[in-house]
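All values reported here derive from a predicted model rather than from experimental measurement.
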Amino acid sequence: MPRVLNAIVAACPDLGIGKNGNLPWHPARLSNEFKHFRKMTVTSSVEGRQNVVIMGRKTWFSIPAKNRPLPDRINIVLSRQCKEPPAGAHYLASDFSSALRLVDVELADQADQVWIIGGSSLYKEMMETLGPRRLFVTQILKQFECDTFLPEICLDKYRLLSEFPEVPQDLQEENGIQYKYEVYESIEQ
């Protein structure tokens, strides 16, 4: 059975996901939304294994240095420029398919779930990859100025699930910002 690829992202109504290397709502903090991100990406379904987070180089460097690598997860950074993993990263891959090969071959005995955590081009590549995929989207219900965007979620390729384990269904609010969690699953073509 092919591995399910998961992506997790928080997006504004216009699908904006970043501004100047930060989250669009920065400096406001959405602590509970961050806890949801952590719980989803850390919680392994197999005893003794860790989840993998795959991110682009810019996403890696957008994480505060004191929080790198993301703890309790295997961190893979994608870069065509770096010759070795950035300080703190566990692995470096030159592209998405190389990262997936690394997970399936070298990390086969350690890795459980795979989580794509950004940026924009990596989300796009994952969303167009064949095989089972899930998108965990936090819909931020307030527009902020953005310079980085999530590709459109094509509803002929993905369906919105009515519920998913461990994902709250009710409207959330922090610091005057409302949001809701949505989970999309790929439709086999």
Main-chain N/O of L30 paired to N175 side chain as donor or acceptor, under 3.5 Å: no
L130, CG atom: more than 12 neighbouring heavy atoms under 6.0 Å: no
Side chain N51, main chain V114, donor-acceptor under 3.5 Å: no
Residue pair L78 / A99: nearest heavy atoms and the distance that separates them: CD2-CB, 3.6 Å
Flag, side chain of E125 to backbone of S97, donor-acceptor distance under 3.5 Å: no
Sidechain-backbone polar pair: Y123 side chain, I117 backbone, donor-acceptor under 3.5 Å: yes
Sidechain-backbone polar pair: N75 side chain, A89 backbone, donor-acceptor under 3.5 Å: no
Within-4.5 Å side-chain heavy-atom neighbours: F149 and C12: no
Single-linkage hydrophobic cluster, 4.5 Å side-chain cutoff, V53 and V77 together: yes
Beyond-backbone contact of I54 with L100, side-chain heavy atoms, under 4.5 angstrom: yes
Joint hydrophobic cluster, F61 plus L23, side-chain heavy atoms closer than 4.5 Å: yes
Side chains of T43 and E166 in contact at under 4.5 Å (non-hydrogen atoms): no
Option from R133, R134, E185 for which side-chain hydrogen bond (donor to acceptor under 3.5 Å, both in side chains) with Y158 holds: R133
Close side-chain approach of S79 to L92, heavy-atom, < 4.5 Å: yes
Check: D104 main-chain N/O paired with E106 side-chain donor or acceptor under 3.5 Å: no
Cluster check Y179, F34: I/L/V/M/F/W/Y, side chain < 4.5 angstrom: yes
R159 side chain reached by L161 side chain, heavy atoms, under 4.5 Å: yes
Donor-acceptor under 3.5 Å (E174 side chain, E33 main chain): yes
Beyond-backbone contact of I187 with D156, side-chain heavy atoms, under 4.5 angstrom: no
Donor-acceptor contact below 3.5 Å, side chain T148 vs main chain I17: no
Cluster link L70 to W115, ILVMFWY, side chain under 4.5 Å: yes
Within-4.5 Å side-chain heavy-atom neighbours: I116 and M127: no
Sidechain-backbone polar pair: Q143 side chain, D14 backbone, donor-acceptor under 3.5 Å: yes
Pairs satisfying salt bridge (charged side-chain N to carboxylate O under 4.0 Å, His left out), at least one member in residues 46-74, at least two apart: R38-D72
Backbone N/O of D112 and side chain of R3: donor-acceptor pair under 3.5 Å: yes
ILVMFWY network linking V137 to V183, side-chain heavy atoms under 4.5 angstrom: no
Validation row: M55, S62 side chains within 4.5 angstrom (heavy atoms): no
